[in-house]
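Letters go in sequence order (proteins before strands), and every chain restarts at 1.
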There are 2 protein chains.
Amino acid sequence: MVLRKVGKKLANIQEVAKQARVSVATVSRVLNGQNTVSEKTRKKVEEAIKKLNYEPSMLGRNLRNSESRLFLILIPSISNPFYLEIIKGIEAVAISQNYNILLCETDSNPEKENIFFDLVRKKMADGLISMDPTVNIETLKNLSEKHAIIQCSEYEEGSGIPYVTIDNEEASYRAVKHLIQIGHKKIALINSDEKYLYARQRKMGYLRALEEYGITLNSQYIILTQHLDFENGQHAMRKILNLHDRPTAVFSVSDLLAIGALKEINTFGLQVPSDIAVVGFDKIDFSNMTNPTLTTIAQPMHKMGTVAAKMLIDKMNGKEVESIILDHELVVRESTSGQSI
Amino acid sequence: MVLRKVGKKLANIQEVAKQARVSVATVSRVLNGQNTVSEKTRKKVEEAIKKLNYEPSMLGRNLRNSESRLFLILIPSISNPFYLEIIKGIEAVAISQNYNILLCETDSNPEKENIFFDLVRKKMADGLISMDPTVNIETLKNLSEKHAIIQCSEYEEGSGIPYVTIDNEEASYRAVKHLIQIGHKKIALINSDEKYLYARQRKMGYLRALEEYGITLNSQYIILTQHLDFENGQHAMRKILNLHDRPTAVFSVSDLLAIGALKEINTFGLQVPSDIAVVGFDKIDFSNMTNPTLTTIAQPMHKMGTVAAKMLIDKMNGKEVESIILDHELVVRESTSGQSI
DNA sequence: TTGAAAAATGTAATCGATTTCATTTAGGCG
DNA sequence: CGCCTAAATGAAATCGATTACATTTTTCAA
């Protein structure tokens with residue numbers, strides 16, 4: 001604010017009005033396409049706009065309308081492709097409704113999270129879609145009293161905050177059932193910290209499948225990881241490979257973990273799926289690029305995004321919003337089907 | 001705007017002033033931490049703020065200050081992880097300077113691009129960092145007359161728009177030289193459309209390396225792709241594999257392409273690197289997750305982001321800004337080193 | 001031609017902050 | 001105690017739009 005800013009002064013609505021010899025009200029009406037302006041004056045105004053190279057400032061408009069036309073999206077990390085597809089879905093709806101997106105990565109850091117919450121508090125964003133499992137749910141609840149908030153993928157039951165998600169328990173159940181049905185009995189689970197709801201739900205599905213087929217749980221087969229990334233997948237798999245009674249299959253709650261596991265199994269000199277079968281979760285793009293390709297649970301990520309965005313818009317408009325559970329799907333590929341090399 | 005909005009009315013600075021029995025000017029001074037307020041009134045004001053749960057609106061502040069405190073980042077697609085790391089760099093600087101990021105994906109679609117340009121024109125963003133090779137450079141040049149703009153990675157020489165990038169020609173040269181030095185003579189190039197500067201530059205480097213070692217160019221060895229993604233890499237590799245005089249090495253100008261090539265080679269029943277060696281470009285995270293891991297050119301992506309952001313801030317403040325060429329590095333991994341399985 | 005209704009346009013308040021300039025209060029010193 | 005200066009505070013303009021309401025102009029039927 002001290003130094004000279006780039007660019008010359010831009011014309012404002014006043015100058016356009018003066019140039020066209022009309023009032024600012026009339027200019028505004030032309031800008032907003034209202035039909036109460038005569039063709040003649042409309043022409044005059046449009047010429048003035050062109051002549052002055054005028055562009056209406058959204059700062060003025062936004063203040064007047066008390067809106068920012070911005071959504072804030074909260075994600076833990078931009079590095080997990082799972083979120084990207086959801087974001088695309090959100091964006092599609094946002095753009096079509098003249099909104100734009102403020103993408104905010106918390107890195108699971110409460111301080112950063114708070115910076116982003118502040119953007120909502122300070123009306124820099126009209127609404128918030130949280131996909132961050134590490135979000136401070138109390139703060140979120142508080143915020144939701146005065147602001148439009150939707151949770152996507154991860155959620156908190158009974159929080160009063162509407163959410164879109166899938167049936168994690170069922171999805172996990174099906175993944176494990178698939179492994180059992182192709183003959184596996186010793187199935188490991190790479191899960192993330194059970195402080196997350198989805199982790200607890202997916203564990204439940206795992207347990208239910210085992211139980212249904214009368215397989216007793218080997219607690220050594222459950223490995224928890226800190227983050228859902230490649231390295232954590234490698235580390236988890238290393239632990240599993242070193243077990244005395246080594247499992248023949250692994251279900252991991254994230255594709256990134258599964259890809260790490262795949263790599264580790266290979267490094268160890270074993271083959272997927274002949275020695276160890278692997279199932280992931282999410283169906284990120286990369287799950288199809290690995291060798292072998294990864295069997296995984298497909299989440300309808302794009303749909304989740306569009307649904308979340310629509311819910312948010314409804315919420316902002318004061319409508320009642322119901323939470324939604326979307327369908328998932330088991331995608332069987334090489335890492336469990338023996339069609340690998 | 002028709003329906004009732006979510007949440008109750010939020011307090012504004014007027015009400016705080018009234019509650020504290022001071023003027024709005026004083027409240028503003030407290031908000032901005034000015035030292036011309038007595039301890040006693042500061043207390044009063046702070047109590048009023050707390051009592052009313054007041055949060056200053058950025059809409060008002062932004063209008064008054066004629067700034068949005070938003071950067072706009074233009075990328076062709078969020079799916080290429082190459083951009084993600086750069087974005088993280090930009091974000092780090094942005095946050096530290098109290099800016100936030102509007103992430104805009106053009107999908108190489110001029111219409112979408114225009115929506116985003118409008119955000120700058122209409123002052124919804126204070127500055128723009130373009131990483132989109134498909135950007136309409138004429139429009140960008142026009143925009144840069146009145147607005148702060150930086151190009152990152154891809155750029156246009158002589159456009160007057162400052163840029164950060166690497167020496168693409170040299171990087172490409174080194175990649176190919178590496179292949180030659182480990183014994184390859186028949187080296188294919190998977191490049192993208194030569195309408196992009198980086199594609200032309202990387203081709204130049206490829207040619208220079210061949211020439212330096214007296215290898216004559218086989219024009220069949222150069223395959224151009226539409227996009228820098230996995231599928232295009234597969235297709236390109238398929239063409240190469242079907243060549244009569246099959247090359248023994250492939251240099252591809254993007255890791256995603258290279259990963260597609262890797263996959264295709266495997267599917268074809270050949271081994272990397274023993275049958276065909278592969279080199280990528282960018283060093284995205286996934287380049288280390290493949291089997292074999294990918295030899296690649298490391299771009300200092302995070303650095304590029306921070307540098308671009310700093311340049312943009314300088315530019316916004318009216319400083320002179322010089323373009324910058326950052327260092328790159330060849331990272332030799334399994335796909336060229338024979339340490340694979 | 002006139003007058004009422006409809007259409008077009010203008011005036012001024014408003015959104016919520018910041019900041020300049022004027023004014024009041026406090027403080028220090030003789 | 002009074003005066004001068006410095007500190008604290010307030011009044012009002014300002015940023016750039018939108019819009020309720022007031023006013024002017026046009027239209028058209030009687």
Side-chain angles (χ1 to χ4, degrees), chain A residues 1-2 5 7 9-46 48-49 52-69 98 118-119 121-124 126 146, chain B residues 1-2 5 9-46 48-49 52-69 98 118-119 121-124 126:
Chain A
M1 290 209 262
V2 183
K5 296 291 177 72
K9 193 169 165 301
L10 303 169
N12 61 18
I13 198 171
Q14 313 283 347
E15 299 168 50
V16 174
K18 190 193 284 181
Q19 172 76 30
R21 297 171 191 284
V22 297
S23 71
V24 292
T26 301
V27 177
S28 175
R29 285 189 267 257
V30 171
L31 289 175
N32 294 287
Q34 276 166 302
N35 53 0
T36 64
V37 182
S38 75
E39 201 49 43
K40 210 176 69 185
T41 40
R42 178 185 304 280
K43 280 262 166 57
K44 276 198 302 183
V45 171
E46 279 165 356
I49 287 176
L52 298 179
N53 244 308
Y54 168 72
E55 295 280 352
S57 157
M58 300 200 73
L59 299 177
R61 170 177 302 184
N62 287 349
L63 172 59
R64 175 59 217 228
N65 294 343
S66 291
E67 59 176 14
S68 64
R69 297 214 77 82
N98 250 292
D118 258 355
L119 293 176
R121 292 192 191 103
K122 296 186 175 170
K123 303 225 220 176
M124 193 66 198
D126 295 338
K146 303 225 176 195
Chain B
M1 290 211 263
V2 182
K5 298 291 178 69
K9 194 169 165 299
L10 302 169
N12 61 19
I13 198 171
Q14 312 284 344
E15 299 168 51
V16 174
K18 190 193 285 183
Q19 172 76 32
R21 295 167 192 286
V22 297
S23 71
V24 294
T26 301
V27 177
S28 175
R29 284 189 267 257
V30 170
L31 289 175
N32 295 288
Q34 276 167 305
N35 53 0
T36 65
V37 182
S38 74
E39 202 49 43
K40 209 176 68 184
T41 41
R42 177 183 305 277
K43 280 263 164 58
K44 276 198 299 182
V45 171
E46 279 163 356
I49 289 176
L52 298 179
N53 242 308
Y54 167 72
E55 293 280 351
S57 157
M58 299 201 73
L59 300 176
R61 170 179 302 184
N62 286 349
L63 172 59
R64 174 61 217 231
N65 294 344
S66 290
E67 58 175 15
S68 64
R69 298 214 77 82
N98 250 291
D118 258 355
L119 293 177
R121 293 193 191 99
K122 296 186 174 168
K123 305 226 217 170
M124 193 65 201
D126 295 339

Looking only at side-chain atoms of [X], point me to the closest of [options].
{"X": "V22(A)", "options": "dA17(C), dG10(C), dA11(D)", "value": "dG10(C)"}
{"X": "S28(B)", "options": "dT9(C), dT18(D), dT18(C)", "value": "dT18(C)"}
{"X": "N32(B)", "options": "dT18(C), dG10(D), dA17(C)", "value": "dT18(C)"}
{"X": "L63(B)", "options": "dA17(C), dA12(C), dG16(D)", "value": "dG16(D)"}
{"X": "I13(B)", "options": "dG10(C), dT18(C), dT18(D)", "value": "dT18(C)"}
{"X": "R29(A)", "options": "dA17(C), dG10(C), dA12(C)", "value": "dG10(C)"}
{"X": "T41(B)", "options": "dC15(D), dA12(D), dT9(D)", "value": "dT9(D)"}
{"X": "N65(A)", "options": "dT18(D), dA17(C), dT11(C)", "value": "dT18(D)"}
{"X": "R64(B)", "options": "dT14(C), dT9(D), dT14(D)", "value": "dT14(D)"}

Distance, rounded to the nearest Å, where [X] contributes [atom1] and [N] contributes [atom2]:
{"X": "R69(B)", "N": "dC15(D)", "atom1": "CZ", "atom2": "C1'", "answer": "16 Å"}
{"X": "L31(B)", "N": "dT19(C)", "atom1": "CG", "atom2": "P", "answer": "12 Å"}
{"X": "R21(B)", "N": "dT24(C)", "atom1": "CZ", "atom2": "P", "answer": "21 Å"}
{"X": "N12(B)", "N": "dA13(C)", "atom1": "CG", "atom2": "P", "answer": "18 Å"}
{"X": "I49(B)", "N": "dA17(C)", "atom1": "CD1", "atom2": "P", "answer": "10 Å"}
{"X": "Q14(A)", "N": "dC15(D)", "atom1": "CD", "atom2": "C1'", "answer": "10 Å"}
{"X": "M124(B)", "N": "dG16(D)", "atom1": "CE", "atom2": "P", "answer": "16 Å"}
{"X": "K18(B)", "N": "dG16(C)", "atom1": "NZ", "atom2": "P", "answer": "14 Å"}

Please determine whether side-chain contact (heavy atoms from CB on, under 4.5 Å) holds for the pair I13(A) and R61(A), giving the CA-CA distance in whole Å, both sets of side-chain angles, and the decisive distance to 0.1 Å. CA-CA 11 Å; I13(A) 198 171; R61(A) 170 177 302 184; over 6 Å; no

Which residue, S57(A) or V24(B), contacts DNA chain D at a nucleotide closer to its 5' end, judged by nearest heavy atom? V24(B)

Both E39(B) and L59(A) contact DNA chain D. Which one's nearest nucleotide lies toward the 5' end? E39(B)

For the side chain of R69(A) and the backbone of N98(A), is there at least one donor-acceptor N/O pair under 3.5 Å apart? yes

Quick one: does N12(B)'s side chain have a donor or acceptor within less than 3.5 Å of a partner on Q14(B)'s backbone? yes

Side-chain N or O of [X] versus OP1/OP2 of [N]: is the shortest distance under 4.0 Å?
{"X": "S38(A)", "N": "dT9(C)", "result": "yes"}
{"X": "R61(B)", "N": "dT18(C)", "result": "yes"}
{"X": "S23(A)", "N": "dG10(C)", "result": "yes"}

Go through the steps to decide whether L10(A) and K123(B) satisfy the test side-chain contact (heavy atoms from CB on, under 4.5 Å), and finish with yes or no. CA-CA 10 Å; L10(A) 303 169; K123(B) 305 226 217 170; 3.7 Å; yes

Which part of the nucleic acid, if any, lies within reach of T26(A) when heavy atoms closer than 4.0 Å are counted: base, sugar-phosphate only, or nothing? sugar-phosphate

How is V27(B) classified with respect to the nucleic acid when contacts are heavy atoms under 4.0 Å: base, sugar-phosphate, or nothing? nothing

Evaluate the side-chain contact (heavy atoms from CB on, under 4.5 Å) criterion for residues R121(B) and D118(B): first the C-alpha distance (whole Å), next the side-chain angles of each, then the deciding distance (0.1 Å), finally the verdict. CA-CA 5 Å; R121(B) 293 193 191 99; D118(B) 258 355; 2.7 Å; yes

Start with the C-alpha distance between I49(B) and L31(B), add both sets of side-chain angles, then the distance that settles side-chain contact (heavy atoms from CB on, under 4.5 Å), and finish with yes or no. CA-CA 10 Å; I49(B) 289 176; L31(B) 289 175; 3.9 Å; yes

